[in-house]
**Q** 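Below you will find the structure I want to go over with you.
Every chain is numbered from 1 and lettered A, B, ... according to where its sequence line falls, protein lines coming before strand lines.
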Amino acid sequence: DTAVSQTPKYLVTQMGNDKSIKCEQNLGHDTMYWYKQDSKKFLKIMFSYNNKELIINETVPNRFSPKSPDKAHLNLHINSLELGDSAVYFCASSQGTSDRWGFRNEQFFGPGTRLTVL
Amino acid sequence: AQKITQTQPGMFVQEKEAVTLDCTYDTSDQSYGLFWYKQPSSGEMIFLIYQGSYDEQNATEGRYSLNFQKARKSANLVISASQLGDSAMYFCAMREGYDNNNDMRFGAGTRLTVKP
């Protein structure tokens with residue numbers, strides 16, 4: 001009954017390769033996110049999708065392309081991998097509606113994918 | 001632009017004692033939400049507690065409470081009766097606005113170590 005799942009958990013690949021990370025949530029949420037956590041543990045938003053529509057697209061290289069086939073899935077495809085792409089990538093999801101103030105919307109995170117580019 | 005500051009890169013606390021993890025934020029909005037997440041060494045991100053900018057009372061969730069001082073723009077996390085399993089990274093985060101169209105910004109984190 002995993003809420004937010006990501007595959008693979010670990011990914012080791014050579015520079016220049018293309019790879020994908022998959023994310024699925026079974027919480028019925030309508031918003032999904034991708035975050036990058038660097039070696040210093042700094043967590044930064046990359047993308048946000050709401051009902052399959054891109055909402056947030058932070059300044060990330062266009063080698064990174066999110067794809068949302070449906071509301072429950074948000075995959076991250078990375079082209080021409082570079083050494084600096086090595087990090088832990090987290091998928092998260094949240095509900096669009098929440099408490100009376102509309103703020104809560106806590107995000108539920110997947111277990112993370114540790115990407116190592118050699 | 002919003003900004004989250006966690007000034008304590010690392011903290012130590014004795015088991016069974018209370019500890020406060022600092023978080024200050026910068027926003028010009030009146031409407032925002034503040035969140036704390038825990039990241040143990042296993043790597044997952046676990047939601048702990050939430051405080052809305054209009055909430056008049058400090059949020060509490062079990063051993064976690066949030067010391068919300070709006071005028072000072074601080075949202076410190078207090079963990080009471082620390083346990084060894086509390087050793088982890090703790091992240092403060094904020095989102096402005098009413099919906100998910102505004103992204104959540106995270107602080108740099110504080111690594112808490114609970115000593116037996």
**Q** Any donor-acceptor pair under 3.5 Å linking the side chain of B:Y37 with the backbone of A:Q107?
**A** yes

**Q** Output the distance between atom OG (A:S94) and atom CZ (B:F35), rounded to the nearest 0.5 Å.
**A** 8.5 Å

**Q** Under 4.5 Å from any heavy atom of chain A, what part of B:M89 do you find: side chain, backbone, both or neither?
**A** side chain

**Q** Does one hydrophobic cluster hold both B:V114 and B:V19, with members joined at side-chain heavy-atom distances below 4.5 Å?
**A**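 Same cluster.
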
**Q** Could you tell me whether B:K70 atom NZ has more than 12 heavy atoms of other residues or ligands within 6.0 Å of it?
**A**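 More than 12 heavy atoms, drawn from other residues, nucleotides or ligands, come within 6.0 Å of this atom.
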
**Q** Are B:L77 and B:M94 connected, step by step, through hydrophobic side chains (Ile, Leu, Val, Met, Phe, Trp, Tyr) whose heavy atoms are closer than 4.5 Å?
**A**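 Result: yes, single cluster for both.
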
**Q** Measure A:L43 against the heavy atoms of chain B and call it side chain, backbone, both or neither at under 4.5 Å.
**A** both

**Q** Quick check on A:K22: does its NZ atom have over 12 non-hydrogen neighbours (other residues, nucleotides or ligands) under 6.0 Å away?
**A** no

**Q** According to a 4.5 Å side-chain heavy-atom criterion applied to Ile, Leu, Val, Met, Phe, Trp and Tyr, with indirect links allowed, do A:L81 and A:Y10 form part of one hydrophobic cluster?
**A**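 Different clusters: A:L81 never reaches A:Y10 through Ile, Leu, Val, Met, Phe, Trp or Tyr contacts under 4.5 Å.
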
**Q** Which atoms of B:Q39 come close to chain A, meaning under 4.5 Å heavy atom to heavy atom: side chain ones, backbone ones, both, or neither?
**A** side chain

**Q** Test side chain to side chain contact (heavy atoms under 4.5 Å, CB included) on B:Y50 and A:E106 and set out the steps.
**A** CA-CA 8 Å; B:Y50 161 82; A:E106 70 262 33; 5.8 Å; no

**Q** Does one hydrophobic cluster hold both A:V60 and A:Y89, with members joined at side-chain heavy-atom distances below 4.5 Å?
**A**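 Yes, A:V60 connects to A:Y89 through the hydrophobic network.
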
**Q** Walk me through whether A:Y35 and B:F106 qualify under ring-ring contact (aromatic ring centres under 6.0 Å, His included).
**A** CA-CA 11 Å; A:Y35 287 87; B:F106 285 79; 5.4 Å; yes

**Q** Report the distance from atom CE of B:M45 to atom SG of A:C91, rounding to the nearest 0.5 Å.
**A**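 Answer rounded to 0.5 Å: 13.0 Å.
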
